[in-house]
Amino acid sequence: MGQNAGAGMESAVDLQHGEDGILVATMNLPGRPMNVVGDALLRGIALACEKLADTAVKGLILTSAKSDFCAGGDLDRMSRWSTPEEPFEASMAMKKVLRALETQGKPVVAAINGHALGGGLEIALACHARIVIDDAGLKLGQPEVKLGLLPGGGGTQRLPRLLGLQLALQLCAEGEDIAPAKALAMGLVTALARDRDELMARARAWIAEHPKAVQPWDQPRFRIPGGDSRSPAVVQMLAIAPSVASARTWGNIPAVTHIMSSIFEGCLLGFDAGCMVESRYFAACVMSQESKNMIGSLWFQLNAIRKGASRPVGIERSKVDKLGVLGAGMMGAAIAFVAARAGIEVVLLDTTQELADRGKACSQGLLDKAAAKGRGTPQKPDALLARITAGTDFALLEGCDLVIEAVFEDRAVKAGVTQRAEAVIGGDAVLASNTSTLPITGLARASRRPSSFIGLHFFSPADRMPLVEIIVGEQTSERTLARAFDFVLQIGKTPIVVNDSRGFYTSRVFATYVMEGIAMLAEGVHPRSIEVAGLQAGMPMPPLALQDEVSLSLALHVAEQTRKDLAAEGKTYDEHPGMAVVRRLCELGRVGKKAGKGFYDWGLDDDERGKRLWSGLLELYPVAAEQPPQRELIDRLMFVQANEALRCLDEGVLRSVADGNIGSIFGWGFAPFHGGALQFVNAMGAKVFVERARELAGRHGARFEPAAGAVRCAETGALVGSPMQD
């Protein structure tokens, strides 16, 4: 019979001593949906370790009562640390517990039933064996770098001693998740199990077979696989690693450098000394502004949004059972795919059956790509494709809870499909437009029920991009907003909510980035300097290449549409200086990647990147004799985005700072280490921002003149807005 060693008190770890002599320690942190590493969990593990001293105990199985094994460190606690001593001491305290666990003399097995990430994986690494349920959706990994951190519980020391320095660097510096099968192949885990019963049975069997288990690094003649930091092969790899890291991050994320240093230096030393080195670098990461930015936005603000901070309160949760998608082009087809993947029945319509079928075939192509990467099972594709009905008859929309039009950016075309859809769908259904620039209030005039009309702006490619921008028109009801918000969560995307405006938030601010780069070209800045500045700034793509991806003809179409709309309203269109460049290239037929030529020549076999800056740019726009410093270019690209985001907040287009920050990172890739376009201002301080913005305005135009909200904050010392936190 088992006995509860923690009876009579609420504990983070439940202890059960079985008749076979094996102690089962089940992590179950009270009051939290997941196990997170903190004092309570570590006390429970330390108590389990003490129980191993009992001669009647043969070994320990560490597992979890929650759906995940352990999610990682307690970021709520980390956010309160204000001195480097606090993270250093916390890191060393965790290592003390884990070191005791692996050196007490009896076998310890981690029975991993769900995600083991960050500190959760570090706990598992301190066990002598790791047995995992073989579920392709289960994630293992060290993702700390994505929040500007490094593993602080021994991960940078155990991983190289288990797998070698190269794999350890890859796991820690890239932070990608690993599925169980891949983890087994690389040696990260010991064995796989089909289900919970087999998981526990295999763990018990391993303990019986290894009564005197010892970690590899605690054995007398241990050598690091592939060599330590002095090995010639490793030295060669480490000589290349910094340049590879620089090419990826441009030195903007200190955690990457700290990870490399921790692994390199720690593997010159003994294990315990290496752990102390890691704790020092961990403290440096925690104290960095980059980590504070990323944790604030990509943890607190993101979680607040996902929990419904931008959703109307008091409205019952809903879900979409049947979705209509109008337009089977690249965007419509991808929306149909993500909805079907979420288990929703989809009707995909276009003007001809051939076009509709081609749109459905895109789902098959995406499934084939996933299968080639080892994801999914043979049964899932058929079920997913069966959920998509491709056709031309609007009568198929009957019974749809939501209809999304994803047709060409033309008011007349959108109005036509809106009216045809409304003739079929029920009175309770919601109709949404996937427009990226046209104001929703204007599009809703074609609807008989504008209160049920809303904008759902997906980003391309919609199957991969995580964000959906929800645009609320003047007459959109709170109920319609709530239903749209619930749908976005249902398909696994992150919603931000903005008020109606030309270009809304994301398209409006994104355009300032690419157009500023294009304006520099007209000024005589070398195009290569412009592109490098974009990458140095931390953007995922440089401005000229990005405009080619989006297409110059689309930018020109949007500009001409805006000009006409403003003229109809009796307003003057103030054209950006970069638009003359766009128009000139379009006249030359250089409309972007889709045509194989824009600012770049695309599809080149003799260039490893498949593209090269068009040599004719230097003839059209000769390089000025005096080139601006690179810092000036970087500041222009970043300040113009942040300033436009501030204007969106001032004008009420943005409803919250959280929506602004998450929308900028997930929508167009605003440098994540800054924490978003508005956190960019808060991190440097509004006073510094305003002073620098005015300098830029004096040299480059009124678009840099600081937004009114920033000026007010500079005068009062306040932060821009109030970030939503849990």
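Note that these values count all heavy atoms, side chains included, but never hydrogens, waters or copies made by symmetry.
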Tell me, do [X] and [Y] make a side-chain contact under 4.5 Å, heavy atoms counted?
X	Y	answer
Cys713	Leu719	no
Ser291	Val286	no
Met34	Arg32	no
Ile496	Phe666	no
Leu637	Tyr513	yes
Pro495	Ser310	no
Cys648	Arg508	yes
Phe599	Leu521	yes

What residues, two or more places apart in sequence or in another chain, satisfy ring pair (Phe, Tyr, Trp, His ring centres under 6.0 Å) together with Tyr600?
->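 In terms of ring pair (Phe, Tyr, Trp, His ring centres under 6.0 Å), with neighbours along the sequence ignored, Tyr600 is linked to Trp602.
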Sequence-distant partners of Val514, side chain to side chain contact (heavy atoms under 4.5 Å, CB included), two or more places apart =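 Counting only residues at least two positions away or on another chain, Val514 forms a side chain to side chain contact (heavy atoms under 4.5 Å, CB included) with Phe510, Leu546, Gln547.
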Evaluate side chain to side chain contact (heavy atoms under 4.5 Å, CB included) for Val720 paired with Leu649, printing each intermediate quantity in order.
-> CA-CA 9 Å; Val720 173; Leu649 191 65; 3.6 Å; yes
Do any N or O atoms from the side chain of [X] and from the backbone of [Y] form a donor-acceptor pair under 3.5 angstrom?
X	Y	result
Thr562	Tyr573	no
Asp659	Arg655	no
Asp635	Glu632	no
Ser262	Ile259	no
Asp68	Cys70	no
Thr480	Thr476	no
Gln301	Leu298	no
Glu122	Gly155	yes
Asn661	Leu678	yes
Glu474	Ile440	no

Rounded distance [0.5 Å steps], [atom1] in [X] versus [atom2] in [Y]:
X	Y	atom1	atom2	value
Leu489	Arg311	CG	CZ	9.0 Å
Glu478	Phe485	CD	CZ	12.0 Å
Leu654	Asn499	CG	CG	9.0 Å
Glu644	Phe704	CD	CZ	11.0 Å
Thr512	Arg647	OG1	CZ	9.5 Å
Met94	Ser279	CE	OG	10.0 Å

Closest approach of [X] and [Y], non-hydrogen atoms and distance?
X	Y	result
Asn643	Ala707	OD1-N, 2.9 Å
Lys95	Gly152	NZ-O, 2.8 Å
Phe673	Gly538	CE2-CA, 3.7 Å
Ala677	Ala642	O-CB, 3.5 Å
Val36	Ala71	CG1-CB, 4.5 Å
Leu121	Gln142	CD2-OE1, 3.6 Å

Can you give each donor-acceptor pair under 3.5 Å made by side-chain atoms of residues 457-468, sequence neighbours left out, with the distance rounded to 0.1 Å?
{"residue": "His457", "atom": "ND1", "partner": "Glu469", "partner atom": "OE1", "Å": "2.9"}
{"residue": "His457", "atom": "ND1", "partner": "Thr506", "partner atom": "OG1", "Å": "3.4"}

Where do Gln679 and Ser297 land on the side chain to side chain donor-acceptor pair (under 3.5 Å) test, with the steps shown first?
-> CA-CA 8 Å; Gln679 177 59 21; Ser297 296; 5.4 Å; no
Polar contact flag, side-chain donor to acceptor under 3.5 angstrom, [X]-[Y]:
X	Y	value
Arg502	Thr437	no
Tyr621	Glu523	no
Ser288	Lys292	no
Ser551	Lys593	no
Thr435	Glu409	yes

Please determine whether a side-chain nitrogen of the Lys or Arg among [X] and [Y] lies less than 4.0 Å from a carboxylate oxygen of the Asp or Glu.
X	Y	answer
Arg583	Glu575	yes
Arg528	Glu531	no
Asp650	Arg712	yes
Asp565	Lys571	no

Take Trp668 and Tyr505 through the test ring pair (Phe, Tyr, Trp, His ring centres under 6.0 Å) and record every step on the way to the result.
-> CA-CA 11 Å; Trp668 70 90; Tyr505 169 60; 5.7 Å; yes
Within the supplied structure, the quantity of interest is the number of heavy atoms (other residues, nucleotides, ligands) at a distance under 6.0 Å from [X] [atom1]; does it exceed 12?
X	atom1	value
Trp81	CH2	yes
Lys139	NZ	no
Arg563	CZ	yes
Lys687	NZ	no

Does the side chain to side chain contact (heavy atoms under 4.5 Å, CB included) test come out yes or no for His674 and Met294, once each step is laid out?
-> CA-CA 7 Å; His674 283 306; Met294 295 166 86; over 6 Å; no
Apply salt bridge (charged side-chain N to carboxylate O under 4.0 Å, His left out) to Arg77 and Asp39, showing your working.
-> CA-CA 10 Å; Arg77 179 191 184 203; Asp39 291 341; 3.3 Å; yes
Mind running ring pair (Phe, Tyr, Trp, His ring centres under 6.0 Å) on Phe680 and Phe639 for me, showing each step along the way?
-> CA-CA 9 Å; Phe680 175 83; Phe639 272 70; 5.4 Å; yes
Go through the steps to decide whether Ile454 and Ile471 satisfy the test side chain to side chain contact (heavy atoms under 4.5 Å, CB included), and finish with yes or no.
-> CA-CA 6 Å; Ile454 198 164; Ile471 306 104; 5.8 Å; no
In sequence, state the C-alpha distance, the side-chain angles, and the governing distance for Val498 and Ile470, and then conclude on side chain to side chain contact (heavy atoms under 4.5 Å, CB included).
-> CA-CA 6 Å; Val498 303; Ile470 302 176; over 6 Å; no
